[in-house]
Amino acid sequence: MVGDLIKSFEQELSNKYFKFVVLFFTGSLLLIIFKGVVYQPYIYNELPKIPYWFLNGTESINAIIFAGTTFIMIKKIKIKKSRFILFLSPLVFDVYLIHDNNYMRSLIWEKIFDNKNHFNFSFLLFRSLLEPLVVFSICILLAFFRGQISSLIAKMKKVSLPQISASDKQTM
């Protein structure tokens, strides 16, 4: 739904109303920073509860605003063709599907990296940057090999299946 709205008003959002896109992006980013730096550590003590649908989770209003405005801003950037980007771009959706399902999310963030028990860790910033890069790299490799195996299977099917002509179908 949001993607359809962005597509419908793409020209206006990229040109005429771009300053509002930047404003909403900045406000949404500040809310994310506020939640992580100020609100989250003190959620049980002094601050009032923020409604779940507004700030928390990937389906919150703030997440939708942030994703939409980020998409519009990135779409406006002109990037030269690069072999690296052309290699990665078809694999990124697979990365999302691999790492962001319920089974893999709990396996990665709760069992492998055990992030809940490392909030007071002295290398928290380092872990925050390194862990997603490790997950992204492994998922890229899995997506790449899945694509290679799929294309190999498709080639094997083309070679091994005999072609049936229209006259053969009539005799069956």
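Here, residue 1 is the first one in the sequence, and each next residue gets the next number. Only heavy atoms go into these numbers, but all of them, side chains included; no hydrogens, no water, no symmetry mates.
A heavy-atom distance below 4.5 Å is found between the side chains of Trp109 and Val135. Proximity of Ile140 to Phe136: side-chain heavy atoms (C-beta onward) are separated by under 4.5 Å at one or more points.
One hydrophobic cluster holds both Val134 and Met104 under the rule that ILVMFWY side chains link at heavy-atom gaps under 4.5 Å. Linking ILVMFWY residues whenever their side-chain heavy atoms come closer than 4.5 Å, directly or via other members, leaves Leu107 and Tyr96 in distinct clusters. Phe145 and Ile138 are not part of a single hydrophobic cluster, where members link through side-chain heavy atoms under 4.5 Å apart. At a threshold of 4.5 Å between side-chain heavy atoms, the hydrophobic network of Ile, Leu, Val, Met, Phe, Trp and Tyr places Leu97 and Ile108 in two separate groups.
Between Ser28 and Ile65, the shortest heavy-atom contact is CB-CG2, 4.1 Å. The two residues Arg146 and Asp94 have their closest heavy-atom pair at NH2-OD2, 2.6 Å. Taking all atoms of both residues into account, the shortest heavy-atom contact from Thr69 to Val21 is CG2-O, 3.7 Å.
Remark: Phe24 CZ is loosely packed, at most 12 non-hydrogen atoms of other residues, nucleotides or ligands lying under 6.0 Å away.
A search for salt bridge (Lys or Arg N to Asp or Glu O under 4.0 Å) contacts involving Glu110 returns nothing, not counting sequence neighbours.
In this pair, Phe87 and Phe144 present their aromatic rings tilted. The plane angle is within the 30 to 60° band.
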